[in-house]
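Structure first, commentary second.
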Amino acid sequence: MTAPVAAAFDVAVVGAGPSGLAAALLMAQSGFRTVSIAPQALPADHRTTALLGGSTALLERMGVLEALTARGAELRTMRLVDVTGRLIRAPEVDFHAREIGRGSFGINVTNGDILDVLGAAADATPNLTRIDGMVETVELGERLARLTTASGAVIEAKLAAAADGRRSRLREAAGIGVKTWTYPQSALILNLKCEVPHDEVSTEFHGRHGPFVLVPLPGNRISVVLVEQPAEAERLAALDDAALARELERRAHSLLGRFTVDSPRQVYPLSGLTAQRFADRRVMLIGEAAHVFPPVGAQGLNLGLRDVGFLAEVAVRARRAGRDIGGPETCADFDRARRGDVTLRTAMVDMADRALLSDHLPAQLLRGLGLALADRIPPLRRLIIREGLTPTFGTPRVMREVS
Ligand SMILES: Cc1cc2nc3c(=O)[nH]c(=O)nc-3n(C[C@H](O)[C@H](O)[C@H](O)COP(=O)(O)OP(=O)(O)OC[C@H]3O[C@@H](n4cnc5c(N)ncnc54)[C@H](O)[C@@H]3O)c2cc1C
């Protein structure tokens, strides 16, 4: 039997969730012969993503921001409200985009729309090939990565970008271990119609079991992420539409009037994961293959898009220097570029989430004090806003905003 003929590429991106599609598009636009390998039929994802600051700059450079903005809602104000009912409570804090001279912090778009828009752009990009299927076998050699799909297609590439999610097969093949942990929380997500206009204000109620976030969507619609104890999230998810809408309106203090359920609901048990290295043996990890944490502060995919920006940056740097784009030096370059940002974001989100859950007075005091200072000291407010949108360290050039 003769071995199947391998198709050869510079870059193979495995996985076509939002991180994978963005990576495939950016690598092809950066002049690399790129292949995107993933099953085309994806399970329904009713989540939305708040794409902030640097992410919108990247998407603009990739030529897809206009299409995304047409389907999303701008976020002009972010409001944090403490409803923990604890002895020490944080003050209500409003952050406005205009404080740092911006029209908005970014846009909130459904994950379905992100995949549609990126998918259409990928289909229209000349040096980007899309292959429908799961990668089953991964062989990582001295000069090439060799990937075989379930249907027997064989693909060779100098660099393999692992965008294949938290159970990444490529990460495992590269021998990269992970640290994992869980939270005593689940996130209930769904979209609602509301009676009162949201005025492009995103509101985050901080409760004893996690945040309850109402994020604007186009028209009088909002997306909801409610983090609760797992049994409570399941109980709410099992309510009929009218009862669920009433319960959410009560939790939102009728801020946006009466709610009507406008999408199916989904429950996500919350967990964390950090890869021990971010690249090795021709494999570079992006998105949830590299990092997973709770949906607090809309950081997950924004961090994933910074992985994408650095993937292109280190590969272009290697090409210019005449180096192997998947070789050990380029892998070390990517690992260095991602380590600080991923470690810091994961720690910050973890701390913000656990501070809400904690009944300890010192933790409550610190949280309250932090938000009180953020509320009253304008330079600190501006620093927090800017770092939340585009971190000083950990943002690739392609995501830096022109001011
Ligand atoms: C409730 C909730 C709310 C969130 N809200 C926000 C937010 O507001 N802002 C934000 O920035 N982030 C948010 N996040 C995080 C964000 O949703 C994730 O970071 C993002 O969806 C991860 O995308 P990904 O492409 O890395 O992975 P995935 O979407 O998991 O994609 C993985 C892909 O890999 C494919 N795949 C897997 N194995 C293989 C294989 N062997 N071969 C080929 N393909 C394979 C899968 O089919 C899939 O296409 C939220 C998360 C949750 C849980």
Side-chain angles (χ1 to χ4, degrees), residues 12-24 35-43 45-56 72 75 78 105-112 114-115 118-119 130-138 147-151 153 155 160-173 183 185-190 202 204 210-213 215-217 223-228 233 265-273 285-308 342 345 349 388-389:
V13 181
V14 180
S19 314
L21 274 178
V35 60
S36 157
I37 315 163
Q40 299 292 303
L42 294 175
D45 180 350
H46 298 289
R47 286 175 297 178
T48 69
T49 297
L51 295 163
L52 306 173
S55 298
T56 55
L75 305 174
M78 301 225 184
F105 293 115
I107 47 171
N108 188 39
V109 195
T110 67
N111 285 11
I114 295 176
L115 294 180
L118 291 176
R130 294 184 75 183
I131 294 181
D132 184 1
M134 290 288 279
V135 168
E136 254 186 19
T137 315
V138 182
L147 313 170
T148 309
T149 68
S151 62
I155 296 106
D164 49 347
R166 55 183 72 195
R167 289 185 201 86
S168 170
R169 182 166 288 223
L170 264 79
R171 185 184 65 215
E172 194 190 330
Y183 294 87
Q185 297 164 301
S186 288
L188 167 69
I189 63 105
L190 73 158
S202 170
E204 204 164 310
F212 169 38
V213 193
V215 195
L217 279 173
S223 61
V224 168
V225 179
L226 172 60
V227 177
E228 255 298 349
R265 39 321 266 269
Q266 288 175 322
V267 174
Y268 290 83
L270 300 190
S271 60
L273 175 152
L285 308 185
I286 59 175
E288 290 205 336
H291 44 75
V292 178
F293 46 66
V296 174
Q299 295 294 316
L301 182 55
N302 288 289
L303 186 62
L305 291 175
R306 295 205 286 281
D307 302 334
V308 169
V342 174
R345 287 289 139 172
V349 169
L389 297 186

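Atoms within a ligand are numbered from 1 in the order they appear, just like the ligands themselves. Note that the coordinates shown come from a computational prediction; the quantities given were computed from them, not determined experimentally.
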Exercise. Just by modelled atom types, is the Asp45 backbone N or O under 3.5 Å from a matching donor or acceptor in the Asn111 side chain?
Worked result: no
For this session: Begin from the C-alpha positions of Val215 and Val224 and carry the test side chain to side chain contact (heavy atoms under 4.5 Å, CB included) through to its verdict.
Result: CA-CA 6 Å; Val215 195; Val224 168; over 6 Å; no
For this session: Using a 4.5 Å cut-off on heavy atoms from C-beta on, say whether the side chain of Val227 contacts that of Phe212.
Result: no
Problem set entry | ligand 1 contacted by Leu52 (non-hydrogen, < 4.0 Å) | no
Exercise. Heavy-atom contacts under 4.0 Å between Thr149 and ligand 1: side chain, backbone, both, or neither?
Worked result: neither
Exercise. Which heavy-atom pair separates Gly297 from Leu52 by the least distance, and what is that distance?
Worked result: O-CD1, 4.4 Å
Seminar exercise, completed: The protein heavy atom nearest to atom 6 (C) of ligand 1 is Thr48 O, 4.0 Å
Exercise. Ignoring hydrogens and geometry, is there a side-chain-to-backbone donor-acceptor pair from Arg345 to Leu303 under 3.5 Å?
Worked result: no
Seminar exercise, completed: Looking at Pro18, Gly165, Gly297, Pro269, the heavy atom closest to atom 30 (O) of ligand 1 belongs to Gly165
For this session: Note the single closest protein heavy atom to atom 22 (C) of ligand 1, along with its residue, its atom name and the distance in Å.
Result: Glu288 CG, 3.5 Å
Exercise. Shortest non-hydrogen contact from Ala187 to Pro295?
Worked result: CB-CG, 4.3 Å
Exercise. Is Asn302 in polar range of ligand 1, meaning some N or O pair under 3.5 Å apart?
Worked result: yes
Exercise. Does ligand 1 have any atom sitting under 4.0 Å from a heavy atom of Gly304?
Worked result: no
Exercise. Do any N/O atoms on Arg47 end up under 3.5 angstrom from N/O atoms on ligand 1?
Worked result: yes
For this session: Please say whether Pro39 places an N or O atom under 3.5 Å from an N or O atom belonging to ligand 1.
Result: no
Problem set entry | Leu190 backbone acceptor or donor facing Arg47 side chain under 3.5 Å | no
Seminar exercise, completed: The atoms of ligand 1 lying under 4.0 Å from a heavy atom of Val14, numbered in the order shown, are 42 (N), 43 (C)
Problem set entry | Ser19 N/O under 3.5 Å from ligand 1 N/O | yes
Exercise. Within 4.0 Å of atom 46 (C) of ligand 1 (strictly less), any protein heavy atom?
Worked result: no
Exercise. More than 12 heavy atoms of other residues, nucleotides or ligands under 6.0 Å from CD of Glu172: is that the case?
Worked result: no
Problem set entry | The one among Leu188, Val215, Asp164, Leu305 that brings a heavy atom closest to atom 36 (N) of ligand 1 | Asp164
For this session: Could you tell me which non-hydrogen atom of Pro18 sits nearest to which non-hydrogen atom of Leu118, and how far apart they are?
Result: O-CD1, 3.7 Å
For this session: Just need the protein heavy atom nearest to atom 1 (C) of ligand 1, so name the residue and atom and give the distance.
Result: Ile189 CG2, 3.4 Å
For this session: Mind listing the closest non-hydrogen atom pair of Asn302 and Ser55 along with its distance?
Result: OD1-OG, 2.6 Å
Exercise. For atom 39 (C) of ligand 1, which candidate among Met134, Gln266, Arg167 holds the nearest heavy atom?
Worked result: Met134
Exercise. What residue and atom, counting heavy atoms only, is the protein's closest point to atom 10 (C) of ligand 1, and at what distance?
Worked result: Leu301 N, 3.2 Å
Seminar exercise, completed: Judged by heavy atoms only, the candidate from Gly20, Ala163, Ala38 nearest atom 33 (C) of ligand 1 is Ala163
Problem set entry | Step-by-step side chain to side chain donor-acceptor pair (under 3.5 Å) determination, Thr48 to Ser223 | CA-CA 7 Å; Thr48 69; Ser223 61; 2.9 Å; yes
Exercise. For ligand 1, which atoms sit closer than 4.0 Å to a heavy atom of Gly287?
Worked result: 26 (O)
Problem set entry | Side-chain donor-acceptor contact under 3.5 Å, His291 with Asp307 | yes
Problem set entry | Which segment of Gln299 sits under 4.0 Å of ligand 1 when only heavy atoms are counted | backbone
Seminar exercise, completed: One finds that the ligand 1 atoms under 4.0 Å from a non-hydrogen atom of Ile37 are 43 (C), 44 (N)
Problem set entry | Pro295 and ligand 1 - part of the residue with a heavy-atom distance under 4.0 Å | side chain
For this session: Just need the protein heavy atom nearest to atom 9 (N) of ligand 1, so name the residue and atom and give the distance.
Result: Thr49 CG2, 3.3 Å
Exercise. Relative to ligand 1, is Ser168 under 4.0 angstrom through side chain, backbone, both or neither, heavy atoms considered?
Worked result: neither
Problem set entry | Nearest heavy atoms of Ala289 and Leu273, plus distance in Å | O-CD2, 4.1 Å
Exercise. Which residue supplies the protein heavy atom nearest to atom 31 (O) of ligand 1, what is that atom called, and how far is it?
Worked result: Gly17 CA, 3.6 Å
Exercise. Any idea which protein heavy atom is nearest atom 35 (C) of ligand 1, and the distance to it?
Worked result: Gly15 CA, 3.7 Å
Exercise. Below 4.5 Å, heavy atoms only, C-beta onward: do Arg166 and Val292 meet side chain to side chain?
Worked result: yes
Exercise. Is a side-chain N or O of Asp164 found less than 3.5 angstrom from the main chain of Arg169, in a donor-acceptor match?
Worked result: yes
For this session: May I ask you to list the atoms of ligand 1 that are less than 4.0 angstrom from any heavy atom of Ala16?
Result: 33 (C), 49 (O)
Problem set entry | Protein heavy-atom partner closest to atom 42 (N) of ligand 1 - residue, atom, separation in Å | Val135 N, 2.8 Å
Problem set entry | Closest contact, heavy atoms only, Ala23 versus Val308 | CA-CG1, 3.6 Å
For this session: Please could you name the atoms of ligand 1 that Gly133 approaches to less than 4.0 Å, counting only its heavy atoms?
Result: 43 (C)
